[in-house]
Amino acid sequence: MTAPRAAAIWRHRLAIEGEAAGHFGWLAGRFAAAGDHDLAARAQQAAADERDHAARCQAVIAALGGDPTPPAAAPLPALGPTARPAADRALYAAVAVGCVTESLSCALLLALRAVATHPQVVATLDAIARDEIAHARLGWAALARAAARADVGWLGAHVDAMRAAAVADEVAAVAGDDALAELGVLPRAEAAAVVSATWATVIVPGLARHGVIAGAASAPAARAAAGR
Ligand SMILES: [Fe+2]
Ligand SMILES: [Fe+2]
C-alpha cells in the first residue's frame with residue numbers, strides 16, 4: 001500500500017507550507033516597517049500562496065486516503081542571530097527562506113514533476129512550482145537590495161546552517177523510497193543529487209555574486225563551463 005505512506009509524507013509538506021506562510025507574513029511586516037513596500041507586497045503575496053499550497057496539499061492527502069486535518073500550528077521559529085539588528089534578521093530570513101529553501105524547493109518540485117503520474121498530484125506540483133519560483137526571486141531581490149546598501153558578508157558564517165536546516169526540514173522529511181515517486185514523493189537518492197546540483201550551480205554562485213560568500217570556489221567551474 002503506497003497511498004497511506006505517500007499521504008503521511010504529504011502531511012509533512014502541509015506542515016512546511018504552513019510554516020512558510022508564517023515566515024513570509026513575518027517578512028512582509030519587516031519589509032513594510034523598513035519602508036520597502038515592493039518587497040512587502042511580494043512577501044504578502046507569498047504568504048497567501050503558501051496558504052493556497054497548504055489547501056492543495058490537504059486535497060492531495062484526502063485523495064490519497066489520509067487525514068487532511070492541518071497539524072496544530074507550532075510557534076514560528078525565529079530566524080537569524082538574535083544579537084543582530086532587526087533588519088539583519090529580516091535579511092537572514094529572506095536568504096534562508098527565499099534564496100536557499102525556495103531555490104532548492106523549485107529544483108526538487110521540477111524533478112518530482114518529471115516522475116509523478118497521479119493526475120491530482122501532478123496538477124498540484126505544477127501549481128506549487130509556479131509560485132515557488134516567485135518566492136525564490138523574492139529572496140534574491142531582497143539580498144540584492146541589501147547588498148547594494150551594505151556589506152552582507154556576515155551572512156557567510158550562517159550559510160552552512162541554512163543549508164542544513166533546509167535539507168533536514170524540507171528535503172529529508174519529504175523524500176522517500178522509489179515506490180512513492182508516482183504519488184509525489186521524490187526518491188531519496190534523487191533528492192540528494194538535486195540538492196547538490198542546485199547548491200553548486202544556483203545557490204553558491206548567487207550568494208557569491210552578492211558577496212555573502214567568497215566566489216573562488218565556483219569560479220573554476222564557471223570558467224570551465226565557459227570554455228576558458
Ligand atoms: Fe509552498
Ligand atoms: Fe514558497
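In listed order, ligands and their atoms are each counted from 1. None of these values were measured; they are calculated from a predicted model.
- Within the coordination shell of the Fe ion (ligand 1), defined by N, O or S atoms under 2.8 Å, His53 is present.
- Contact check for Asp178 versus Glu190: no side-chain heavy atoms found under the 4.5 Å cut-off.
- Sorting the N, O or S atoms of His135 by how far they are from the Fe ion (ligand 2) puts ND1 first.
- Here Asp131 fails the criterion, with no N, O or S atom under 2.8 Å of the Fe ion (ligand 1).
- Relative orientation of the Tyr92 and His158 rings is perpendicular, given thresholds of 30° and 60° on the angle between their planes.
- A salt bridge links Asp177 with Arg5; the closest basic N to acidic carboxylate O contact falls under 4.0 Å.
- Using a 4.0 Å cut-off between charged nitrogen and carboxylate oxygen, Asp126 and Arg130 do not count as a salt-bridge pair.
- When you scan the N, O or S atoms of Glu17 for the one nearest the Fe ion (ligand 1), you land on OE1.
- As for Glu50, its N/O/S atom nearest the Fe ion (ligand 1) is the one called OE1.
- Residues Ser103 and Trp199 have side chains that never bring a donor and an acceptor to within less than 3.5 angstrom of each other.
- Counting just the N/O/S atoms of Glu102, the one with the shortest distance to the Fe ion (ligand 2) is named OE2.
- In summary, the side chains of Glu50 and His135 do present a donor paired with an acceptor at a separation below 3.5 Å, with no hydrogens or angles considered.
- The Fe ion (ligand 1) sits nearest to atom OE2 when only the N, O or S atoms of Glu132 are considered.
- With a cut-off of 2.8 Å, the Fe ion (ligand 1) has no N, O or S atom of Asp49 in range.
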